[in-house]
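To keep things clear, I will list the structure first and then write my remarks on it.
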Amino acid sequence: MSVKKLVAMGLLTAIGTLAGVFSIPVAGALIFPVQHAINVLAAVLLGPGPAVLVAFAVALLRNLLGTGTVLAFPGGMIGAFVAGYAFRLFKRDYAAAVGEVLGTGFLGALAAVPLARLVLGSEAIAFALVIPFATSSLAGAVLGLVVLKGVAVAVPKQLGEEGK
């Protein structure tokens, strides 16, 4: 892994951790649109593997600092993977954004049901998380696309791809 990728991963993790104060409490979960924007950025700039590592690191640090919940793990990591894989398949920024919404908003929310059942004590409430997860991931994915348009001017290629 290149130094550029490691630095980018560190910066995205730091931004995600520090921005954790901007999460919104909904039904026992803390929705966090900034994480979804970071997932889209990491997916496009770094690829699916590093994007998952960034999502994991942000979720871990936010939980350790008390600004996140365990529901951040499945949602963020699945969203980051699907976003990265969608970008790899279609080579379009919007594919990463759609992948983030599908990955976090639907697959991640459903994967969080067993955890939510333990944390919230009700399966019905756990399934109700799909709507806030999808809304948060849609807002964050749009934010990520906006940021990518600005980054495209400064970083025209994926990090670590210069020599290929």
Side-chain angles (χ1 to χ4, degrees), residues 1 5 8-9 11-17 19-20 22-63 67-120 123 125-149 151-152 158-160:
M1 187 172 292
K5 276 191 176 186
M9 289 170 66
L11 287 172
L12 290 172
T13 299
I15 292 167
T17 303
F22 298 112
S23 58
I24 304 159
V26 175
L30 293 173
I31 61 171
F32 186 40
V34 173
Q35 178 62 55
H36 309 297
I38 289 171
N39 283 355
V40 171
L41 291 169
V44 171
L45 297 174
L46 305 169
V52 170
L53 290 174
V54 168
F56 174 79
V58 171
L60 179 63
L61 290 169
R62 287 185 60 226
N63 273 275
T67 61
T69 68
V70 295
L71 302 176
F73 288 102
M77 293 169 62
I78 292 170
F81 176 76
V82 175
Y85 194 71
F87 180 78
R88 182 176 280 173
L89 281 177
F90 299 105
K91 301 288 187 214
R92 301 279 187 257
D93 295 350
Y94 71 84
V98 170
E100 171 62 22
V101 174
L102 293 176
T104 298
F106 298 102
L107 299 176
L110 294 176
V113 167
L115 280 175
R117 189 179 315 137
L118 289 172
V119 173
L120 304 173
E123 190 168 310
I125 293 173
F127 279 109
L129 291 174
V130 171
I131 293 170
F133 272 46
T135 304
S136 178
S137 61
L138 179 61
V142 169
L143 176 63
L145 285 176
V146 169
V147 172
L148 275 173
K149 294 304 173 195
V151 170
Q158 275 189 299
L159 295 173

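Positions are given from 1 along the sequence.
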| Who passes ring pair (Phe, Tyr, Trp, His ring centres under 6.0 Å) against Phe90, sequence neighbours left out? | none
| remark: Of all heavy-atom pairs linking Phe87 and Asp93, the shortest is CE1-OD1, 3.6 Å
| Which heavy-atom pair separates Ala59 from Ala72 by the least distance, and what is that distance? | CB-CB, 3.9 Å
| note | Residue set satisfying ring pair (Phe, Tyr, Trp, His ring centres under 6.0 Å) with Phe73, at least two apart, ordered chain then number -> Phe56
| field | Results of side-chain contact (heavy atoms from CB on, under 4.5 Å) for Val82 - residues two or more places apart only | value | Ile78, Leu107
| If only atom types and distance count, is the side chain of Thr104 paired as donor or acceptor with the main-chain N or O of Val101 below 3.5 Å? | no
| said: Donor-acceptor check, side chain of Arg62 to backbone of Thr67, threshold 3.5 angstrom: yes or no? | reply: yes
| message | Please find the pair of heavy atoms, one from Ala97 and one from Ala141, that lie closest to each other, and give the distance. | response | O-CB, 3.7 Å
| task | Taking all heavy atoms of Ala86 and all of Gly99, pick out the closest pair and write down the distance. | result | CB-CA, 4.3 Å
| said: I need the full list of side-chain hydrogen bond (donor to acceptor under 3.5 Å, both in side chains) pairs touching residues 73-84, with sequence neighbours left out, sorted by first then second residue. | reply: none
| task | Examine distances only and state if a side-chain atom of Thr17 and a backbone atom of Val58 form a donor-acceptor pair shorter than 3.5 Å. | result | no
Considering only distance and modelled atom types, tabulate donor-acceptor pairs under 3.5 Å from the side chains of residues 36-53, sequence neighbours left out.
from  : atom 1 : to     : atom 2 : distance (Å)
His36 : ND1    : Glu100 : OE2    : 2.7
His36 : NE2    : Ser136 : OG     : 3.0
Asn39 : OD1    : Gln35  : NE2    : 2.7
Asn39 : ND2    : Gly76  : O      : 3.1
Asn39 : ND2    : Glu100 : OE1    : 3.1
Asn39 : ND2    : Glu100 : OE2    : 3.3

